[in-house]
Peer 1: 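Attaching a single structure in structure tokens format; questions to follow.
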2 protein chains.
Amino acid sequence: MPPQNLDAIFAALADPTRRAILTRLASGEAGVNELTEPFEMSQPAISKHLKVLERAGLVERAIDKQRRPARLKAKPMAAAVNWLEEFKEFWSSSFDQLDDLLTTLKQAELKEPGNE
Amino acid sequence: MPPQNLDAIFAALADPTRRAILTRLASGEAGVNELTEPFEMSQPAISKHLKVLERAGLVERAIDKQRRPARLKAKPMAAAVNWLEEFKEFWSSSFDQLDDLLTTLKQAELKEPGNE
DNA sequence: TACTTGCATAACCATCTGGTTATATTTTGA
DNA sequence: TCAAAATATAACCAGATGGTTATGCAAGTA
């Protein structure tokens, strides 16, 4: 789980077109033309997006005649989920309102003794 | 939960420095200098990263004398978790080997009848 | 063989990103 | 009042990103 992967995965997920492609692929593999159709975008643009998804390890390509159907490879996304899950633990314990209040009080304490 | 936020959130998470900042902030608020220290990077660079995190809604700034301590605002990250969780459902059901096999068979079926 | 389909690749462009150094701003503290 | 501290802002730069059009190429089909 090198951080480099996390970089690539999150970056890949940061584009709405790519997220839409992933969503589409979740219901089955698809060729480039098929993936291009829903978007107002050229086929090479989609090919580029697919390459980004490939580099992130989220998609793999097959060979079927002249087609290069893309298929989801969602396991790497677990890395992203994992990172976020670890965070979840933090906030659920440390970032509810009670803790917010404590932080605020602490702040007040620091500036209170003085003046303005 | 507009997709624009998802864009900004995932983009913000795509940088290791920013993830490190978030991790640091998880254990309490911190000023810019304090956040700069662990990195071999200038203070303005960190200020820029903080702005990216702010725009993504993941961090808020307070005012304490001349300090502008940053604090985690992790709730928006739930949007990212949410998107990924929805995906999780997909793979767990649709992307194990069995389904892989089904897809393959379906493909074969399409080409088998010998026509279009 | 020649045409078509499905896709990749190249060359180009504008904009964004992530960093820098230098400087300005604000507030504290002597 | 003046210097220092904490941060922001500006100007700049190289390289990445996201799109385009034009073209190449491999495999199926007439």
Side-chain angles (χ1 to χ4, degrees), chain A residues 3-4 6-22 25 29-56 58-71 107 110-116, chain B residues 3-4 6-22 25 29-56 58-71 107 110-116:
Chain A
Q4 196 192 357
L6 268 185
D7 287 14
I9 291 169
F10 280 129
L13 294 179
D15 186 277
T17 302
R18 287 194 292 264
R19 287 197 305 276
I21 290 177
L22 290 175
L25 292 180
E29 64 172 36
V32 175
N33 284 338
E34 196 176 346
L35 289 173
T36 301
E37 206 184 323
F39 302 100
E40 300 202 333
M41 204 178 292
S42 67
Q43 167 261 309
I46 299 297
S47 283
K48 276 194 178 184
H49 281 304
L50 284 174
K51 240 177 198 163
V52 173
L53 291 169
E54 265 188 279
R55 282 202 318 254
L58 297 174
V59 148
E60 61 185 359
R61 311 296 299 270
I63 294 185
D64 168 38
K65 310 181 183 179
Q66 337 76 307
R67 296 176 67 238
R68 299 282 178 275
R71 182 185 307 191
Q107 269 304 114
L110 284 175
K111 71 178 294 188
E112 235 190 36
N115 49 343
E116 222 76 37
Chain B
Q4 195 192 356
L6 268 184
D7 288 13
I9 291 169
F10 280 128
L13 295 178
D15 186 277
T17 302
R18 286 194 291 265
R19 287 197 304 276
I21 290 177
L22 290 175
L25 291 180
E29 64 171 36
V32 176
N33 283 338
E34 196 177 346
L35 289 171
T36 301
E37 205 185 321
F39 302 99
E40 300 202 332
M41 202 177 294
S42 67
Q43 167 261 309
I46 300 295
S47 283
K48 276 194 178 184
H49 281 304
L50 284 174
K51 245 184 193 156
V52 173
L53 291 169
E54 264 187 280
R55 281 202 317 254
L58 297 174
V59 148
E60 61 184 0
R61 311 295 299 273
I63 294 186
D64 167 40
K65 308 182 184 178
Q66 52 298 51
R67 295 175 67 238
R68 297 282 178 278
R71 180 186 310 190
Q107 270 304 115
L110 284 176
K111 70 181 293 192
E112 239 190 33
N115 51 342
E116 230 77 37

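Lettering follows sequence order; numbering is per chain, from 1.
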Peer 1: Classify the side chain of A/Gln43 versus the base of C/dA8 as yes if they form a donor-acceptor pair under 3.5 Å and no if they do not.
Peer 2: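 Indeed there is one.
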Peer 1: Measure the distance from CZ on A/Phe39 to P on D/dT20 and round it to the nearest whole Å.
Peer 2: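 So the two atoms are 12 Å apart, to the nearest Å.
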Peer 1: Under the 3.5 Å rule, do the base of C/dT28 and the side chain of B/Gln66 count as making a donor-acceptor pair?
Peer 2: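 Check fails, no donor-acceptor contact within cut-off.
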Peer 1: Looking only at the side chain of B/Thr17 (C-beta and beyond, no hydrogens), which of the listed nucleotides C/dG19, D/dT21, D/dT7 gets closest?
Peer 2: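 Nearest nucleotide to the side chain: C/dG19.
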Peer 1: In terms of side-chain heavy atoms of B/Arg18, which of D/dG18, C/dT28, C/dG18 is nearest?
Peer 2: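 The answer is C/dG18.
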Peer 1: Given C/dG19, C/dT17, D/dT7, identify the nucleotide with an atom nearest to the side chain of B/Arg68.
Peer 2: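 Looking only at side-chain atoms, B/Arg68 lies closest to D/dT7.
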Peer 1: Atom CG of B/Leu35 and atom P of D/dT7: how far apart are they, to the nearest Å?
Peer 2: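 After rounding, the gap between these two atoms is 8 Å.
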Peer 1: Please state how far atom CG in B/Asp15 lies from atom P in C/dG18, giving the value in whole angstrom units.
Peer 2: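 These atoms are roughly 5 Å apart.
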Peer 1: Using whole Å, what does the distance between atom P of nucleotide C/dT17 and atom CG of B/Asp7 come to?
Peer 2: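 So the CG-P distance, B/Asp7 to C/dT17, works out to 11 Å.
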Peer 1: Flag the pair B/Ile21 / B/Ile46 as yes when at least one side-chain heavy-atom distance between them is below 4.5 Å, and no otherwise.
Peer 2: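 B/Ile21 reaches B/Ile46 side chain to side chain.
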Peer 1: Check the phosphate of C/dT20 against B/Ser42, side-chain N and O only, distance under 4.0 Å to OP1 or OP2. Yes or no?
Peer 2: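 Yes.
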Peer 1: Does OP1 or OP2 of C/dA8 have a side-chain N or O of A/Arg61 closer than 4.0 Å?
Peer 2: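 Affirmative; the distance criterion is met.
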Peer 1: Going by the salt bridge (charged side-chain N to carboxylate O under 4.0 Å, His left out) test, name the single residue among B/Arg61, B/Arg68, B/Arg67 that passes it with B/Asp64.
Peer 2: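 Result for salt bridge (charged side-chain N to carboxylate O under 4.0 Å, His left out) with B/Asp64: B/Arg67.
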Peer 1: Taking only the side-chain heavy atoms of A/His49 (C-beta and beyond), determine which of D/dG19, D/dA22, D/dT7 contains the nearest atom.
Peer 2: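 Nearest listed nucleotide: D/dG19.
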Peer 1: Measure from the side chain of B/Lys51, starting at C-beta and using heavy atoms only, and say which of D/dG18, D/dT9, D/dT7 lies closest.
Peer 2: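 Of the options given, the side chain of B/Lys51 lies nearest D/dT9.
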Peer 1: Using whole Å, what does the distance between atom C1' of nucleotide D/dG18 and atom CG of A/Leu50 come to?
Peer 2: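 Computing the A/Leu50:CG to D/dG18:C1' distance gives 14 Å.
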Peer 1: Is there a donor N/O on one and an acceptor N/O on the other, under 3.5 Å, for the side chain of A/Lys48 and the base of D/dG19?
Peer 2: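 Under the 3.5 Å cut-off, the side chain and the base do form a donor-acceptor pair.
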Peer 1: Think A/Ser47 has a side-chain N or O under 4.0 angstrom from the OP1 or OP2 of C/dA8?
Peer 2: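 Yes.
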Peer 1: Side chains of B/Met41 and B/Thr17: closer than 4.5 Å at any heavy-atom pair?
Peer 2: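 The answer is yes; the side chains approach within 4.5 Å.
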Peer 1: With a 4.0 Å limit, can you tell me whether A/Asn33 has a side-chain N or O closer than that to the phosphate oxygens OP1/OP2 of C/dC7?
Peer 2: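 So the side-chain polar atoms of A/Asn33 do come within 4.0 Å of the phosphate oxygens OP1 or OP2 of C/dC7, strictly under.
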Peer 1: How close or far is atom C1' of D/dG28 from atom CD1 of A/Ile63, stated in whole angstroms?
Peer 2: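 Taking CD1 of A/Ile63 and C1' of D/dG28, I get 15 Å after rounding.
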Peer 1: Quick one, B/Leu13 and B/Leu58 - any side-chain contact, counting heavy atoms below 4.5 Å?
Peer 2: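 Heavy-atom side-chain distance check passes, below 4.5 Å.
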